Amino acid sequence: MNLPALHGIGDTWVSKHLRARSYLHSNCSGCHRPDGPAQGIIDLRFNVPMGENICDVASSTNVGNKFIEPGDPAKSSISILMHTLGSDRMPPVGQCH
(Lines give C-alpha, C1' and ligand atoms only; values in the text may rest on other atoms or scores of the structure.)
Protein backbone atom coordinates (compact mmCIF):
# COMPACT_ATOMS: atom_id res chain seq x y z
CA MET A 1 0.00 0.00 0.00
CA ASN A 2 1.36 3.43 -0.94
CA LEU A 3 0.73 6.02 1.76
CA PRO A 4 1.29 9.74 1.24
CA ALA A 5 4.30 11.40 2.81
CA LEU A 6 3.12 13.75 5.53
CA HIS A 7 5.02 16.96 6.25
CA GLY A 8 5.64 19.00 9.37
CA ILE A 9 4.71 22.66 9.70
CA GLY A 10 8.42 23.53 9.47
CA ASP A 11 8.95 21.70 6.17
CA THR A 12 9.13 24.92 4.17
CA TRP A 13 10.33 23.12 1.02
CA VAL A 14 6.77 21.86 0.45
CA SER A 15 3.67 23.96 -0.11
CA LYS A 16 1.58 25.40 2.72
CA HIS A 17 -1.28 23.33 1.33
CA LEU A 18 0.60 20.04 1.85
CA ARG A 19 1.70 21.09 5.34
CA ALA A 20 -1.86 22.03 6.30
CA ARG A 21 -3.27 18.79 4.87
CA SER A 22 -0.62 16.81 6.75
CA TYR A 23 -1.52 18.57 10.02
CA LEU A 24 -5.25 18.02 9.56
CA HIS A 25 -4.72 14.37 8.65
CA SER A 26 -2.44 13.56 11.58
CA ASN A 27 -4.26 15.63 14.23
CA CYS A 28 -7.91 15.63 13.17
CA SER A 29 -8.79 12.81 10.79
CA GLY A 30 -8.86 10.15 13.49
CA CYS A 31 -12.23 11.61 14.54
CA HIS A 32 -13.27 13.65 11.49
CA ARG A 33 -13.87 10.91 8.92
CA PRO A 34 -16.78 8.72 7.86
CA ASP A 35 -17.90 6.63 10.83
CA GLY A 36 -15.48 8.51 13.11
CA PRO A 37 -16.45 9.57 16.63
CA ALA A 38 -16.85 13.26 15.73
CA GLN A 39 -20.33 14.42 14.90
CA GLY A 40 -20.41 16.29 11.61
CA ILE A 41 -19.89 16.05 7.90
CA ILE A 42 -16.19 16.78 7.40
CA ASP A 43 -13.61 14.22 6.34
CA LEU A 44 -10.05 15.41 7.04
CA ARG A 45 -8.13 12.42 5.72
CA PHE A 46 -5.20 13.37 3.49
CA ASN A 47 -6.53 11.54 0.43
CA VAL A 48 -9.93 13.31 0.42
CA PRO A 49 -9.91 16.48 -1.71
CA MET A 50 -10.27 19.40 0.68
CA GLY A 51 -12.63 21.45 -1.47
CA GLU A 52 -15.26 18.73 -1.47
CA ASN A 53 -16.20 18.95 2.17
CA ILE A 54 -14.65 21.89 4.03
CA CYS A 55 -13.44 24.78 1.86
CA ASP A 56 -16.13 27.42 1.51
CA VAL A 57 -18.69 25.00 3.07
CA ALA A 58 -21.06 26.20 5.79
CA SER A 59 -19.90 25.04 9.21
CA SER A 60 -22.08 22.76 11.29
CA THR A 61 -20.37 24.04 14.45
CA ASN A 62 -21.55 26.96 16.53
CA VAL A 63 -18.41 28.96 15.67
CA GLY A 64 -17.27 30.46 12.39
CA ASN A 65 -19.18 30.86 9.17
CA LYS A 66 -17.52 28.06 7.22
CA PHE A 67 -15.21 25.17 8.06
CA ILE A 68 -12.50 26.99 6.11
CA GLU A 69 -13.29 30.48 4.84
CA PRO A 70 -10.69 30.93 2.08
CA GLY A 71 -8.44 33.88 2.93
CA ASP A 72 -10.11 34.62 6.29
CA PRO A 73 -9.05 32.37 9.17
CA ALA A 74 -10.93 34.59 11.67
CA LYS A 75 -14.19 33.29 10.13
CA SER A 76 -13.02 29.67 9.73
CA SER A 77 -14.40 27.33 12.38
CA ILE A 78 -11.36 25.03 12.15
CA SER A 79 -8.97 27.91 12.89
CA ILE A 80 -11.20 29.29 15.66
CA LEU A 81 -11.40 25.90 17.41
CA MET A 82 -7.64 25.35 17.09
CA HIS A 83 -7.04 28.67 18.87
CA THR A 84 -9.69 28.22 21.57
CA LEU A 85 -8.58 27.49 25.11
CA GLY A 86 -10.34 24.98 27.32
CA SER A 87 -12.54 21.99 26.65
CA ASP A 88 -13.78 23.22 23.23
CA ARG A 89 -10.27 23.33 21.74
CA MET A 90 -9.47 21.07 18.81
CA PRO A 91 -7.65 18.77 18.68
CA PRO A 92 -8.47 17.80 22.26
CA VAL A 93 -5.61 15.28 22.66
CA GLY A 94 -2.06 16.35 23.39
CA GLN A 95 -2.73 19.97 24.20
CA CYS A 96 -0.99 21.84 27.00
CA HIS A 97 -3.01 23.79 29.56
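Since the structure is predicted, the reported quantities are computational estimates derived from the model, not experimental observations.
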*Is there a chain of hydrophobic side chains (I, L, V, M, F, W, Y, each step under 4.5 Å between heavy atoms) that links F46 to Y23?*
no

Who passes side-chain contact (heavy atoms from CB on, under 4.5 Å) against [X], sequence neighbours left out?
| X | value |
| --- | --- |
| A20 | none |
| D72 | E69, A74, K75 |
| R33 | S29, D43, R45 |

Return a table of donor-acceptor pairs under 3.5 angstrom between the side chains of residues 7-18 and protein atoms on other chains or two or more places apart.
unit_1: D11; atom_1: OD2; unit_2: G8; atom_2: N; d: 2.8
unit_1: S15; atom_1: OG; unit_2: L18; atom_2: N; d: 3.1

Please report the closest heavy-atom contact between [X] and [Y], naming both atoms and the distance.
| X | Y | value |
| --- | --- | --- |
| S22 | A5 | OG-O, 4.4 Å |
| I42 | I54 | CG2-CG2, 3.1 Å |
| R89 | M82 | NH1-O, 2.7 Å |
| T84 | D88 | CG2-CB, 4.1 Å |

_Treating H83 as the side-chain partner and S79 as the backbone partner, does any N or O pair qualify as donor plus acceptor under 3.5 Å?_
yes

*asked:* Quick check: do F67 and S76 have side-chain heavy atoms less than 4.5 Å from each other?
replied: no

*Is the shortest heavy-atom distance from the side chain of L44 to the side chain of V48 under 4.5 Å?*
no

*To the nearest 0.5 angstrom, please state how far the CD1 atom of I78 sits from the NZ atom of K66.*
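Spacing of CD1 (I78) from NZ (K66) equals 13.5 Å.
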
